[in-house]
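Take a look at the structure set out below.
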Amino acid sequence: MILYFELGWSPTDTQFIDSYRCSAVPLPRPRLMKAKFNHLIRLVLLLVVLTGAVMSLNISAYQPSAGSLALVYLPLALLGQAFILSLLLGLLLWPFSLLPAGWFNRLFALTGGILVFLLAVDCWVFSVYRFHINAFFIKMFFTDLAGMGIGQGLLFGGLAALMVTVGLMLGLATLISRYRWLTRPMRTFWVLLLATFVGQGIHAWGYAHNMKAIISLTHTIPWYTPVTATTDIKQWGLFNEALLEENLNLDVANVTGFRYPAQPLNCIAPTGATPSARPNIVVAVLESWRFDRMSAEVTPNIAAIGDESLVFSNHLSTGTVTDKGMFGLVYGVSPVYFNTAVGAGRETTIIQATKALGYDHWILANQDIEVNKLDTLLFNGIEPIQSLPKGAVYEGDRQVVRQFEQLLTQKSAEQPFFSLMLFNSSHFPYWTPPDMDLPFLPAERFAISKANDATDPTAYFNQYSNSLYYLDSLVGEVRQSLIDQGEWDNTILVITGDHGEEFADQDQVFWGHGSNFSRYQTSVPLVIHWPGKSASLEYRTSHEDIMPTLITEALGCDVALNSLSTGYSLFDDSDRVLMVESYVNQAVIVDDSVSEILPGFVLSYSLDDIDQPTKASAASLVGIQAIYDRFR
C-alpha cells in the first residue's frame, strides 16, 4: 500500500488524485508515472513556446529573406534552439518530477522563469552589444558591476522583472496541471524533435552550397550551434556545383546584418597616373610562424629584409587557427564576424580596391582552402591559381614560388598585381626537403598525438625551426625574383604568420596551436617591405590593421579606415581591445591580459604566462561593443 498525495493528476489526467487526500489505496504506479511524465512534457512544450517567442525578438531587427527555403529554415532554427534549451531544462528537472505537483510546479516556475528572464536579458544585451550573454559578460557582472554602468535602479528593476516572470510561469504551470493542455503531448514532442533535425539539415545543406540567406542570421539566435557537413554531402553525392555557383553570385545584402564595408570605397587613380605607378602588393603567410622564430639564425632572408623595412615586434594574429587568422588578415575585421561573413558572401575590401585600380590577382595557397571555404570567403570572384597541395608539402611550397615567378615574368609592364602566398611546410609535423642540410639538430618530425607532459620538445622544436629556415629560403627567392624583374622598389611585401605554435613552453603543457591564447599561439612576426619606410615599432598591432592600412595609405583610397576594419592603422599606437578566436573558443586581449571565454566561465591569464592570473576590467566591454557594432 502506498499513500496518494495531492499531486493534481487523475486516471484521466484531470481528476486522478483530487479525490484522494492522503488516503491509503493501492497505487496504479505505471499510470501515475505516465501522468507525471506527460505533465513534465507539457511544461517543456510551454517553455518552448515562451523561449522561442523571446528569442525571435532578435530576428526582428533584421529583414528576413524572401527565399522559400530560408523562410522555412529560420522558424525551424528558432524552434529547434528553443526546443533544445527547454529539453535540457526538462532533463535536469526529470528526477524531481516525483515531487507533489505543487512543489514540482514551483521548481519548474523558478528554473523556467530564470531561463526565460535570461533570454530576455540576452535580447537586451544583444541589442546593445551585438553579442549574446557569455561567460565574460557574466564574470564582469559579478566582479565589476559599476564598470559596466549598471546602477542599483536597473538592478532592482531586473530583480522585479525576474519575480514577475517566475510568478507568470507558476500560474501557467498550475493551469496546465489542472486543465489538460495537449491530450497527447508526446506527439508534439516528436514533431519538435523532427523539426529540430530538419532545421539543422537545412543549415548543413545551405552551408555546403553557400546559401547566404540561410546562414546569415545564425548569429542572432542565442547560443546556437548549427551543423555543417560539407564533406559528407559531397561524399554522399548530394553536392550541387551549379547551385553553389549561383549562390556565390547572389546578393543578399539586405538580410545579412553585415554592413561591410560601412562606406563605399572610393579608389580612383590620380589623373594622369599610369597603372605601373601603383605599388604591387605581395602577402607571404608562413604557417604557424610564432614571434620568436624571426631571427638571423632561423629566417636570415626575412631578417635581412627587416633591416631595411618595417618590423612590428608586438603583433598579434586574430586567431590561433588558420581560418580565423587568415580571416582577420584579409578582411581586416575581427573573427567575431567570421560566420556572418560566410553567410554574407562579401568581397573583401582589399580585393574591391585592387580590382577598382586595375590590379591582377594571384592567389597561391599550398593548402586545401576549399574545404574550409577560405577560397570563396576571402577571394570571392577570384579563382585561386593554386588552392590544393602539390605533391609533398615542401614540394607544394616550392611550386607556389615557381608559379609566382612564372606569373611575374609574364605580367604586363603596365599592370600592377596583388598576390597572396600561403606556405605550409611549417605546419606539424614540420616538413623539409630530404636533401636539405638541417641547421638545427637534433631534429625530428612531430607526431602531436604522441606528445605528453614528459615529451622532450627539443628535437621537434629544432625541426620546426628547420621548416621555417626552408620557407625563409623560398621568401628569399621571391625577393630575388622581384629584384630581377625590376619590381622590388615598387612592391609592398608583407611577411607574417597565420598564428603561432607552442612546444610545451609553459608549466601547463600545450603543443601545437588552437589550445590557448598565450603569446606562443597568438603572437606572430610582421615584416613589411614598404619602399620609403623603415622602422622598428614596438606598440601593439593586429592582423586587422594590415589591409585597411594598405588600402588607405598605399592605394590611396578615399575612405575612413574605421569603415573598413575593426582595427587601426599600423601607424597608430592607440590601445587596442582585441577579440581572438580558435576553433570554438574566443578571448579578449587587452594589453597583456587574456580573458579566455570558455563554456560557463572565464579563464584570465597573462599573455606571456598562462599560469599567471590577471584581472580583466569591465571597461573592455566598451571595446568589445565597438567591435560587434562596427558592421551591424
Side-chain angles (χ1 to χ4, degrees), residues 1-55 80-122 133 138 159 161-193 196 222-223 599-601:
M1 303 290 289
I2 300 178
L3 293 179
Y4 277 127
F5 292 91
E6 186 177 359
L7 302 179
W9 285 286
S10 69
T12 61
D13 286 348
T14 57
Q15 295 179 342
F16 183 47
I17 293 176
D18 286 345
S19 59
Y20 299 93
R21 303 294 183 184
C22 296
S23 59
V25 295
L27 177 68
R29 184 176 292 274
R31 193 131 190 204
L32 175 64
M33 296 301 293
K34 180 180 179 181
K36 286 177 169 291
F37 180 75
N38 283 340
H39 182 60
L40 174 62
I41 295 300
R42 289 189 178 99
L43 294 180
V44 168
L45 297 180
L46 168 67
L47 201 56
V48 171
V49 174
L50 296 176
T51 56
V54 173
M55 287 192 295
Q81 182 67 348
F83 177 72
I84 292 298
L85 293 176
S86 303
L87 180 60
L88 289 174
L89 183 62
L91 291 173
L92 290 175
L93 293 178
W94 193 357
F96 301 96
S97 62
L98 294 177
L99 289 171
W103 287 107
F104 182 72
N105 286 344
R106 292 184 183 97
L107 180 60
F108 168 80
L110 178 62
T111 55
I114 290 174
L115 175 60
V116 173
F117 175 76
L118 284 177
L119 286 170
V121 173
D122 177 81
I133 293 175
I138 294 172
L159 183 59
L162 173 59
M163 294 173 65
V164 170
T165 304
V166 172
L168 175 63
M169 294 295 294
L170 180 58
L172 292 173
T174 302
L175 286 174
I176 287 176
S177 67
R178 291 181 179 177
Y179 302 98
R180 188 169 53 176
W181 176 60
L182 294 176
T183 56
R184 297 180 182 272
M186 281 305 298
R187 289 185 178 180
T188 306
F189 178 90
W190 293 119
V191 169
L192 287 174
L193 182 62
T196 301
W223 319 308
F601 72 103

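Numbering of residues begins at 1 and proceeds along the displayed sequence.
- The CZ atom of Phe108 sits 10.5 Å away from atom OG1 of Thr174, with the distance rounded to the nearest 0.5 Å.
- A heavy-atom distance below 4.5 Å is not found between the side chains of Asp122 and Met55.
- Expressed to the nearest 0.5 Å, how far CG of Leu99 lies from NZ of Lys36 amounts to 7.5 Å.
- Crowding of Met163 atom CE: a count of heavy atoms from other residues, nucleotides or ligands under 6.0 Å not exceeding 12.
- Counting heavy atoms from C-beta outward, Asn105 and Leu43 have side chains that approach closer than 4.5 Å.
- Residues Leu89 and Leu115 approach most closely at CD2-CD2, 4.3 Å, considering heavy atoms.
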Report the C-alpha distance between Leu50 and Leu168 in whole Å, list the side-chain angles of each, state the deciding distance to 0.1 Å, and finish with yes or no for side chain to side chain contact (heavy atoms under 4.5 Å, CB included). CA-CA 11 Å; Leu50 296 176; Leu168 175 63; 5.8 Å; no

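- Here the straight-line distance linking atom CG of Leu98 with atom CZ of Phe37 works out to 12.5 Å at 0.5 Å rounding.
- For the atom pair CZ of Phe189 and OG of Ser86, the computed distance is 10.5 Å after rounding to the nearest 0.5 Å.
- Contact check for Thr111 versus Leu92: no side-chain heavy atoms found under the 4.5 Å cut-off.
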Could you walk me through whether Trp223 and Leu119 pass the side chain to side chain contact (heavy atoms under 4.5 Å, CB included) check? CA-CA 10 Å; Trp223 319 308; Leu119 286 170; 3.5 Å; yes

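- Within the model, atoms CH2 of Trp190 and CD1 of Ile41 stand 9.0 Å from one another, a figure rounded to the nearest 0.5 Å.
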List the steps and the verdict of side chain to side chain contact (heavy atoms under 4.5 Å, CB included) for Leu40 and Phe104. CA-CA 9 Å; Leu40 174 62; Phe104 182 72; 3.6 Å; yes

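- The shortest heavy-atom contact between Phe83 and Leu192 is CD1-CB, 3.6 Å.
- For the residue pair Ala173 and His39, the shortest heavy atom distance occurs at O-CE1, 3.9 Å.
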Thr51 vs Leu85, test: side chain to side chain contact (heavy atoms under 4.5 Å, CB included). Steps then yes/no. CA-CA 8 Å; Thr51 56; Leu85 293 176; 5.5 Å; no

